[in-house]
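Worksheet: one structure, shown below.
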Amino acid sequence: DNYTCQLTGDRNSHHNVHHLNGFDKFVEQRLDEHNAITLSEDIHKEFHQLYGYGDNTKEQFYEFVDMLYLQGRITKERYNNFVKNFK
């Protein structure tokens, strides 16, 4: 993904790998590339500020992405790409 936030397209900040199904609860999915998405550090922190740092699920993340899209913080193209590749 060329060190690019998959939601915002940002390539200029620090990035984190986010596990769609949480690292702590879904041990068998820790290394599954389909359970991971690259996010800017700010977006990643924002998710965890809203949903906490444990027992996270992909459904929470889908809700978070929908919220960002409805707030106009991610483009329709990025949103559609997310839906196509992750939902």
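The salt bridge (Lys or Arg N to Asp or Glu O under 4.0 Å) test applied to Arg11 returns no partner, not counting sequence neighbours. Remark: Glu41 engages no residue in a salt bridge (Lys or Arg N to Asp or Glu O under 4.0 Å) (not counting sequence neighbours).
The two residues Thr8 and Arg78 have their closest heavy-atom pair at C-NE, 4.1 Å. A pairwise comparison of heavy atoms in Gly54 and Asp24 identifies CA-OD2, 3.4 Å as the closest pair. Taking both residues in full, the closest heavy atoms of Ile74 and Leu7 are given as CG2-O, 3.1 Å, listed atom of the first, atom of the second, then distance. In this structure, Asp55 and Lys25 approach most closely via the heavy-atom pair OD1-CD, 3.5 Å. The two atoms that bring Asn56 and Gln60 nearest to each other are CA-OE1, 3.0 Å, heavy atoms only.
Note: Phe61 and His18 meet the aromatic proximity criterion, with ring centroids under 6.0 Å apart.
No donor-acceptor distance shorter than 3.5 angstrom exists from the side chain of Asn35 to the backbone of His19, with no hydrogens or angles considered. Looking only at distances, no side-chain donor or acceptor of Gln71 sits under 3.5 Å from a matching main-chain atom of Leu68. Proximity of a side-chain donor or acceptor of Tyr51 to a complementary backbone N or O of Thr57 within less than 3.5 Å is not detected.
The distance from atom CG of Leu20 to atom CD of Glu59, rounded to the nearest 0.5 Å, is 9.5 Å. Atoms NE2 and CD1, from His48 and Ile43 in turn, are 12.0 Å apart once rounded to the nearest 0.5 Å.
Val83 and Phe86 fall within the same hydrophobic cluster, where Ile, Leu, Val, Met, Phe, Trp and Tyr residues are linked whenever their side-chain heavy atoms come under 4.5 Å apart, directly or through other members.
Residues Asp1 and Thr4 bring no donor and acceptor atom of their side chains to less than 3.5 Å of each other.
Residues His14 and Ser40 are not in side-chain contact: their nearest non-hydrogen atoms beyond the backbone lie 4.5 Å or more apart. Using a 4.5 Å heavy-atom cutoff, the side chains of Lys76 and Asn80 are in contact. Under the 4.5 Å side-chain criterion, counting only non-hydrogen atoms from C-beta, Met67 is in contact with Leu50. When side chains are defined from C-beta on, Tyr79 counts as touching Val65, because their heavy atoms get closer than 4.5 Å. A 4.5 Å side-chain heavy-atom check between Ile37 and Val17 finds every atom pair outside the cut-off.
The local environment of CD in Glu77 is sparse, with at most 12 non-hydrogen atoms from other residues, nucleotides or ligands closer than 6.0 Å. When the shell of 6.0 Å around CG of Leu31 is examined, it contains 12 or fewer heavy atoms from other residues, nucleotides or ligands. Environment of OH in Tyr53: crowded, with over 12 heavy atoms of neighbouring residues, nucleotides or ligands closer than 6.0 Å.
Taking 4.0 Å as the cut-off between side-chain N and carboxylate O, Glu63 and Lys58 do not count as a salt-bridged pair.
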